[in-house]
Amino acid sequence: MNETEGPMADVAQDYLRWFHESNVWKGMGWRGVRTLKLPSDMWNYQEIIHQRGVQWVVETGTRHGGSALYFADLLDAAGARGKVISADVTHEALHPSIPHNSRIHLLLGDSGAPEMAAAIARLLPEDRGPLFMILDSDHAASHVYRELCSLVPLLRCGDYLVVEDTVVNGHPVRPEHGPGPWEALDRYLAEQPDTLQADVRRERKFGCSFAARGYFVKL
């Protein structure tokens, strides 16, 4: 793992493993809507959005809509001009309040498909300002790799990318999962070595992350 070495790293990994395997994260919500996130990651995200003057958020994996609502509230608080664009293959689990939020634009479809990338691009104005993108949909390596290939080209220099749930497939949780976001990143970064700069300091800030080795700035 890309964590600080020593006893504290072991403590952080033990905590992450406990938090995930005890399913605490499944009972978390933002303003009554489930988020399915690690709280310290969400704190990191709000710092990134504030410090980098983020105007738009692109999210894959809407699910219940809690994280989309969280990002929308952050944009509201910052007086941002943009919206949260959130894509998923189904809205069956979506909280009924989310479609009525004027800060959230929902898209239905495969987030790894070129058609979805084109739909997102059409929603982003030329003068859009800084963007925060988070990939948190299907965690199969093949899907995340397709997302990276389709969606990273939408990013501009200085935009921010987070790839969630790199911790599955034994990194350190769910060893039975099979290749996931971690492996997708391995492949993508090997093929596109000059595209993304890892933000290791941000990733390590709280000792552990569901997006371990998954924080990047677009070069």
Side-chain angles (χ1 to χ4, degrees), residues 25 30 33-38 41-42 44-46 48-49 54-72 74-75 82-95 98-99 101 103-124 128 130-156 159-169 177 179-189 192 195-196 199 209-218:
W25 57 281
W30 176 257
V33 185
R34 293 179 78 193
T35 57
L36 307 177
K37 291 278 194 286
L38 185 68
D41 283 333
M42 295 184 76
N44 250 338
Y45 302 159
Q46 63 85 18
I48 293 165
I49 287 170
V54 167
Q55 298 290 308
W56 289 81
V57 174
V58 173
E59 171 191 58
T60 68
T62 313
R63 196 64 181 277
H64 304 285
S67 55
L69 178 61
Y70 175 73
F71 293 132
L74 292 177
L75 294 183
K83 293 187 176 186
V84 178
I85 302 170
S86 186
D88 211 332
V89 293
T90 177
H91 290 157
E92 290 181 2
L94 192 65
H95 190 278
I98 301 303
N101 190 306
R103 276 279 186 185
I104 301 173
H105 190 110
L106 298 172
L107 293 174
L108 190 62
D110 177 2
S111 55
E115 295 81 7
M116 181 60 74
I120 293 170
R122 287 193 293 270
L123 293 170
L124 296 171
R128 62 172 172 78
L131 183 146
F132 177 87
M133 178 180 288
I134 180 167
L135 307 184
D136 190 21
S137 58
D138 182 343
H139 300 317
S142 58
H143 179 81
V144 179
Y145 175 76
R146 290 196 301 117
E147 285 186 318
L148 290 165
C149 291
S150 292
L151 298 177
V152 169
L154 299 182
L155 299 177
R156 297 173 180 173
D159 286 342
Y160 210 94
L161 171 70
V162 170
V163 180
E164 275 267 13
D165 288 296
T166 52
V167 291
V168 302
N169 200 36
H177 182 279
W182 180 290
E183 289 74 23
L185 277 169
D186 275 346
R187 179 181 176 185
Y188 182 81
L189 294 172
Q192 305 288 340
T195 301
L196 299 170
D199 190 355
S209 172
F210 275 5
R213 215 191 70 170
Y215 287 73
F216 299 95
V217 178
K218 177 68 168 63

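The basis for the numbers below is simple: all heavy atoms, side chains too, and nothing from hydrogens, waters or symmetry mates.
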Would you call the rings of Phe71 and Phe132 parallel, tilted or perpendicular, where under 30° means parallel and over 60° means perpendicular? tilted

For the student: nearest non-hydrogen atoms of Ser67 and Thr35, plus distance: N-CG2, 4.1 Å

What is the minimum heavy-atom distance between Asn169 and His177, and which atoms define it? N-CB, 3.7 Å

So which atom in Glu147 and which in Ser111 form the shortest heavy-atom distance, rounded to 0.1 Å? OE2-OG, 2.6 Å

If you measure from CH2 on Trp30 to NE2 on His95, what distance do you get to the nearest 0.5 Å? 14.5 Å

Taking all non-hydrogen atoms of both residues, which atom of Asn101 and which atom of Ala72 are closest, and how far apart? OD1-CB, 4.2 Å

Given the options Asp186, Val163, Val167, Arg213 meets side-chain contact (heavy atoms from CB on, under 4.5 Å) only with Asp186

Audit row: His91, Thr62, side-chain hydrogen bond (donor to acceptor under 3.5 Å, both in side chains) steps and yes/no: CA-CA 8 Å; His91 290 157; Thr62 313; 4.7 Å; no

Sub-4.5 Å side-chain heavy-atom contact between Phe210 and Asp136: no

Please state whether the rings of Tyr215 and Tyr160 are parallel, tilted or perpendicular, taking 30° and 60° as the class boundaries. perpendicular

Taking side chain as C-beta onward, heavy atoms only, is Arg156 less than 4.5 Å from Leu131? no

Any side-chain heavy-atom pair from Thr60 and Met133 closer than 4.5 angstrom? no

Ala93 backbone acceptor or donor facing His64 side chain under 3.5 Å: yes

Shortest non-hydrogen contact from Arg128 to Leu124? CD-CB, 4.0 Å

Please lay out, stage by stage, how Leu154 and Val58 fare under the test side chain to side chain contact (heavy atoms under 4.5 Å, CB included). CA-CA 10 Å; Leu154 299 182; Val58 173; 5.9 Å; no

Let me see the working for Leu161 and Leu148 under side chain to side chain contact (heavy atoms under 4.5 Å, CB included), right down to the final yes or no. CA-CA 10 Å; Leu161 171 70; Leu148 290 165; 4.1 Å; yes

Looking at Asp138 and Arg146, does any basic side-chain N land under 4.0 Å from a carboxylate oxygen? no

State, with a plain yes or no, whether a side-chain heavy atom of Ile49 is found less than 4.5 Å away from one of Val57. yes

Which is it for Met116 and Ser150 under the side chain to side chain contact (heavy atoms under 4.5 Å, CB included) test, yes or no, and what are the steps along the way? CA-CA 8 Å; Met116 181 60 74; Ser150 292; over 6 Å; no

Whether His105 side chain and Arg103 backbone form a donor-acceptor pair below 3.5 Å: no

To the closest 0.5 Å, what do you measure between NE2 (His143) and CG (Leu135)? 8.0 Å

Would Lys37 and Glu164 count as a side chain to side chain contact (heavy atoms under 4.5 Å, CB included) if you check the C-alpha gap in whole Å, the side-chain angles of each, and the deciding distance to 0.1 Å? CA-CA 9 Å; Lys37 291 278 194 286; Glu164 275 267 13; 3.1 Å; yes

Leu196 side chain near Tyr188 side chain, heavy-atom distance below 4.5 Å: yes

Side-chain (Tyr70) to main-chain (Met42) donor-acceptor, under 3.5 angstrom: yes

Hey, does the side chain of Glu183 reach the backbone of Gly180 with a donor-acceptor pair shorter than 3.5 angstrom? yes

To the nearest 0.5 angstrom, please state how far the CG atom of Asp110 sits from the CD atom of Glu115. 8.5 Å

So CD of Glu59 and CD1 of Ile120: to nearest 0.5 Å the spacing works out to 10.5 Å

Thr166 and Ala212: which non-hydrogen atoms are nearest, and at how many Å? OG1-O, 2.5 Å

Distance in Å, Arg63 CZ paired with Leu94 CG, rounded so as to fall on 0.5 Å steps: 11.5 Å

Nearest 0.5 Å, please: how far is CH2 in Trp25 from CG in Asp41? 12.5 Å

